[in-house]
Colleague: 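Attaching a single structure in structure tokens format; questions to follow.
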Amino acid sequence: MTERQVHILNGVPASAGIAMGNAVVIDTRKIDRYPKIRLSEDLIDDEIQRFYQAVNASQNQIEEAKSALESQNIAREHIFILDTHLLMLTDPALVDRVEELVRKDCINAEWALKVALQEIEKDFSLIEDDYIRSRVADTSFVGERVLRNLVGKKTGEFHLQENSIIFAHDLSPADTAMLNKNVVSGFATDVGGVTSHTAIIAHSLEIPAVVGLGNASTLVTPGDRIILDGISGVVIVNPSESQIDEYQNRARSFQSMELQLKEKAKEPAITKDGTYVKVKGNLEFKEEVHTVLDHGAEGIGLYRTEFLYLNRAGIPKEEQHYHAYRTVVEAVSPYNTVIRTLDLGGDKFYAALGEAKNERNPVMGLRAIRLCLKEIDIFKTQLRGILRASAHGNTSIMFPMISGMEELQRAKEILEETKLDLTREGIPFDENIRVGIMIEIPSAAVIADLLAEEVDFFSLGTNDLIQYAIAIDRGNEYVNYLYEPLHPAVLRLIQFTIDGGHNAGIPVSMCGEMAGREIYTPILLGMGIDTLSTNAFAISHIKEMARKLNLEKCRTIVEHIFNMTTAAEIYDFMTNEIMDNSNNIFDLT
Ligand code: PEP
Ligand code: MG
């Protein structure tokens, strides 16, 4: 047996914790480069045979994956998806059509498959029924599998045993949400940034993760022993015994520190000079609500409802919205739950809402409120669910990605129409439900004073605000180095938003990842932020940080850093002068 290679890889820490286990490598890259080949008549039969071999191989792989899932007692709906894929591999619209195209046009099977899939997608997009239309995603998935077998690449399967550490070029938020927490102890991706939605889901599931690792998924061999440090972003492949000992110690001290913090997590965060700092939690799945509350959340500052749409067949019905929101609102009340209306698009692509798929630049495309204002029925269905849930506890509504006044006014109009419908139908809801917006597009930050007149609260979405202000894709590892919350332009946008909100008498919170990093807490409190909402893991850390601070001194710090010209200068000041030095803002007297 050849000796396994040792590698130390550095990436971006995306979800804290130390995981040890064995590598499982999955290939998630799409095959989008293959030639169109014109075949001579005598090669046609062989080509068709090659296609059917690929279909057979695909069937065998799916059967194998299905038995693996069955033996792990995985939920029936995941197995059902595989059954659907098997059925599609016998569908004449796919299989017979490819054969026909190869024969008629004398082209290679890859190209014929591509044409057949495009035709199917087009047909699906015309179908009225939501459920059937949503199955287009399955068709592409099956098509991709056959394609891989055609070009000789085997699809990686999730053969998961306990302590699996997943390596992939990339994982979509939907893939990540499917990971079974009981067997997956960590994951590592070649691409991605700290605020990608994949990283956010990892946080939410409390699975340690490192992203932006370059070519880790090609370097690692299935079965390699792995140490994954989601705190520092280091991944060690086939570590030595001494490295294993060292990391076991680190994992133990990390866990005991977390335990200590968690014990105090439910106590309020009061600064040294007596100001109460409200810390709420962000939520992606209704099932996680008790975990977030256990971590000390004083309400939900951001419920990302779009995850209701992913990994399911069809668009959720009003009842599904209502039940999900009601479960959360009832668990969180008397604290408030801010339910954000759907923010699909960008990296959270949902096949059932087909159009967005072919956008050249989805992050700047038909995303979030733009999509809702186009698909008003979908929007109203969700609003009805939220409003009905508001009858059961303290609820607020928040619109994402507002770029200007017209959009906000239109969204509010639709909300009013929905309220009117419910009133006519005699369905109860909270008539005074508070309505807020995310400030996550620079144009909104710059007119925060105007928008503030129209809403009850603001919440700063720094993940997007930074992406759009500095013009860097938040999920792109090549420009990660530019993703800088301390950029003076970002700080000014934040300050402008806080002032705009406060001058109009409304509170301003922050629910982007910046709210969950201790180094920024003194700055944000000094700028006047009212509430910080973070992933569950960070809540206890932020509370503990706030307890060490003196608010007056934080304000002085802010005055000081607003005279600085670069993020590096501010960062150095915060780390050297503030965090480490005894002449600091921590008022320990
Ligand atoms: C943000 O942009 O900061 C935010 C909280 O929203 P999301 O991460 O879901 O885009
Ligand atoms: Mg956002």
Side-chain angles (χ1 to χ4, degrees), residues 14-15 172-174 176-177 192-204 211 279-285 288 292 297 299-310 337-350 356 362-372 396-403 407 436-445 457-476 483-485 487 490-491 493-494 497-498 508-517 520 524 529 531-536 538-539 542:
S15 176
S172 70
T176 315
V194 68
T195 61
S196 61
H197 285 98
T198 302
I200 286 167
I201 304 268
H203 264 310
S204 160
V211 299
V279 185
K280 294 185 172 185
N282 293 349
L283 186 74
E284 281 74 41
F285 308 100
E288 308 289 327
V292 179
I300 300 295
L302 166 66
Y303 179 4
R304 289 184 166 95
T305 58
E306 50 278 6
F307 291 99
L308 258 180
Y309 291 73
L310 300 175
T337 300
V338 178
I339 305 184
R340 179 174 76 179
T341 58
L342 103 101
D343 179 7
L344 281 176
D347 62 347
K348 289 173 285 192
F349 172 67
Y350 180 56
V363 171
M364 297 223 191
L366 192 61
R367 181 185 160 186
I369 198 72
R370 304 165 182 192
L371 184 67
C372 287
S396 302
I397 294 187
M398 177 158 73
F399 301 127
M401 294 275 294
I402 292 289
S403 67
E407 237 166 10
I437 54 172
M438 302 237 1
I439 300 287
E440 52 184 343
I441 299 184
S443 59
F457 64 93
F458 283 158
S459 188
L460 277 150
T462 46
N463 304 339
D464 280 314
L465 187 64
I466 298 167
Q467 144 165 282
Y468 297 123
I470 313 183
I472 30 141
D473 175 350
R474 65 196 252 196
N476 180 337
Y483 195 91
E484 188 39 88
H487 190 303
V490 172
L491 296 181
L493 288 169
I494 293 173
T497 305
I498 295 175
V508 181
S509 65
M510 178 177 284
C511 60
E513 291 297 293
M514 187 177 179
R517 295 286 172 106
Y520 307 129
L524 297 173
I529 202 89
T531 302
L532 294 166
S533 187
T534 92
N535 64 72
I539 295 170
I542 296 303

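Ligands are counted one by one from 1 in listed order, and the atoms in each one are counted from 1 as well. Keep in mind the model is a prediction, meaning the values are calculated, not measured. Note: hydrogens, waters and symmetry copies are ignored here, and every other heavy atom, side chains too, is used.
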Colleague: Are the side chain of Gln467 and the backbone of Arg474 linked by a donor-acceptor contact shorter than 3.5 Å?
Modeller: yes
Colleague: Taking only heavy atoms of Gly512 into account, list the atoms of ligand 1 that are under 4.0 Å away from them.
Modeller: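 Those of ligand 1 that fall under 4.0 Å from Gly512 are 3 (O), 5 (C).
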Colleague: Taking only heavy atoms of Asp464 into account, list the atoms of ligand 1 that are under 4.0 Å away from them.
Modeller: 1 (C), 2 (O), 3 (O), 10 (O)
Colleague: Is the backbone of Ala536 close enough, under 3.5 Å, to the side chain of His203 for a donor and an acceptor to pair up by distance?
Modeller: no
Colleague: Could you tell me which atoms of ligand 1, counted from 1 in the order shown, lie closer than 4.0 angstrom to a heavy atom of Arg474?
Modeller: 2 (O), 7 (P), 8 (O), 10 (O)
Colleague: Under a 4.0 angstrom heavy-atom cut-off, which atoms of ligand 1 come close to Leu302?
Modeller: 5 (C)
Colleague: Quick one: nearest non-hydrogen protein atom to atom 7 (P) of ligand 1, plus distance?
Modeller: His197 NE2, 3.3 Å
Colleague: Name of the Glu440 N, O or S atom nearest the Mg ion (ligand 2)?
Modeller: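 Closest N, O or S atom of Glu440 to the Mg ion (ligand 2): OE1.
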Colleague: Less than 4.5 Å apart, side chain to side chain, heavy atoms only: is that true for Ser533 and Ser509?
Modeller: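 No, every pair of side-chain atoms sits at 4.5 Å or beyond.
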Colleague: Measure from the side-chain N and O atoms of Thr305 to the backbone N and O of Arg340, and report whether any donor-acceptor pair falls under 3.5 Å.
Modeller: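 Between the backbone of Arg340 and the side chain of Thr305 there is a qualifying donor-acceptor contact (under 3.5 Å).
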Colleague: Using atom types as modelled and distance alone, determine if a side-chain donor or acceptor of Thr531 lies under 3.5 Å from a backbone N or O of Val279.
Modeller: no
Colleague: Decide side-chain contact (heavy atoms from CB on, under 4.5 Å) for Ile397 and Phe399; before the verdict, give the C-alpha distance in whole Å, the side-chain angles of both, and the deciding distance to 0.1 Å.
Modeller: CA-CA 7 Å; Ile397 294 187; Phe399 301 127; 4.0 Å; yes
Colleague: Can Arg367 be said to touch ligand 1, with heavy atoms closer than 4.0 Å?
Modeller: yes
Colleague: Among all protein non-hydrogen atoms, which one is nearest to atom 6 (O) of ligand 1, and what is the separation to 0.1 Å?
Modeller: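 For atom 6 (O) of ligand 1, the nearest protein heavy atom is Arg340 NH1, 2.9 Å.
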Colleague: Distance-only, no hydrogens or angles: does the Glu306 side chain make a donor-acceptor pair with backbone N or O of Leu342 under 3.5 Å?
Modeller: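 Checked: no pair found.
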Colleague: If you measure from each non-hydrogen atom of Asp343 to ligand 1, which part falls under 4.0 Å: side chain, backbone, both or neither?
Modeller: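 The answer is the side chain.
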Colleague: In plain terms, say whether Arg304 and Asp343 are close enough for a salt bridge, that is, a side-chain N and a carboxylate O under 4.0 Å apart.
Modeller: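 Looking at Arg304 and Asp343, the cut-off is not met.
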Colleague: At under 4.0 Å between heavy atoms, which part of Arg304 makes contact with ligand 1: side chain, backbone, both or neither?
Modeller: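 Only the side chain of Arg304 comes within reach of ligand 1.
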Colleague: For the Mg ion (ligand 2), find the closest N/O/S atom on Asp464 and give its atom name.
Modeller: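 Checking each N, O and S atom of Asp464, the shortest distance to the Mg ion (ligand 2) belongs to OD2.
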Colleague: Calculate, to the nearest 0.5 Å, the distance between atoms OH and CD1 belonging to Tyr483 and Ile470 respectively.
Modeller: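 Reported to 0.5 Å precision, the distance equals 8.0 Å.
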Colleague: Looking at ligand 1, does Met438 have a heavy atom less than 4.0 Å from it?
Modeller: yes
Colleague: Does Glu306, backbone or side chain, put an N or O under 3.5 Å from an N or O of ligand 1?
Modeller: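 It does not: no N or O of Glu306 is found under 3.5 Å from an N or O of ligand 1.
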